[in-house]
Amino acid sequence: MRRSATDRIVELTPKTSGATILLHPLSASQKEGQVLVKLVFDVEDVEGFCRTAQSNGLTFGKIHKTDSYAFANAKDPSRNSIQISSRAIAQH
């Protein structure tokens, strides 16, 4: 597990091979019974992934860029919040 003191995101990183899971808490305004988790999927090329997803019928919102990574949000077909991010790749 890894978490920066200045960040809300918790990274669950396998000791060997496997997927890294990023736990990103939603805003404090979320109420009991609402979705309290957002699944974040790590992709190397956020812009390219968004273009491919769009051609397959899944539209992501604005691509947000930080100094080291990019991310975008969407709702899956069941209206669950999801995000794609290049954060884990950028930090390794």
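Only this structure's heavy atoms are used, side chains among them; waters, hydrogens and symmetry mates stay out. Remember, it's a predicted structure, so these values are computed and weren't measured experimentally.
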- Item | Taking every non-hydrogen atom, the tightest pair across Asn73 and Gln83 | OD1-NE2, 2.8 Å
In a table with atom names and distances, give each donor-acceptor pair under 3.5 Å that connects a side chain of residues 46-54 to protein atoms at least two apart or in another chain.
from: Glu47; atom 1: OE2; to: Lys65; atom 2: NZ; distance (Å): 2.7
from: Thr52; atom 1: OG1; to: Gly48; atom 2: O; distance (Å): 3.2
from: Gln54; atom 1: OE1; to: Thr59; atom 2: OG1; distance (Å): 2.9

- Query: For Phe71, does its backbone N or O pair with a side-chain atom of Ser85 as donor and acceptor, under 3.5 Å?
  - Reply: no
- If you round to the nearest 0.5 Å, how far is CD1 of Ile63 from CD1 of Ile84? 7.0 Å
- Closest non-hydrogen atoms of Ala74 and Phe60, given as atom of the first, atom of the second and distance, are CB-CD2, 3.5 Å
- Scanning both residues in full, the closest heavy-atom pair of Lys75 with Ser81 reads NZ-OG, 3.2 Å
- So, do Val40 and Ile9 sit near enough that their side-chain heavy atoms are less than 4.5 Å apart? no
- Note on the structure: Contacts of Thr6 meeting side-chain hydrogen bond (donor to acceptor under 3.5 Å, both in side chains) (sequence neighbours excluded), chain-then-number -> Ser4
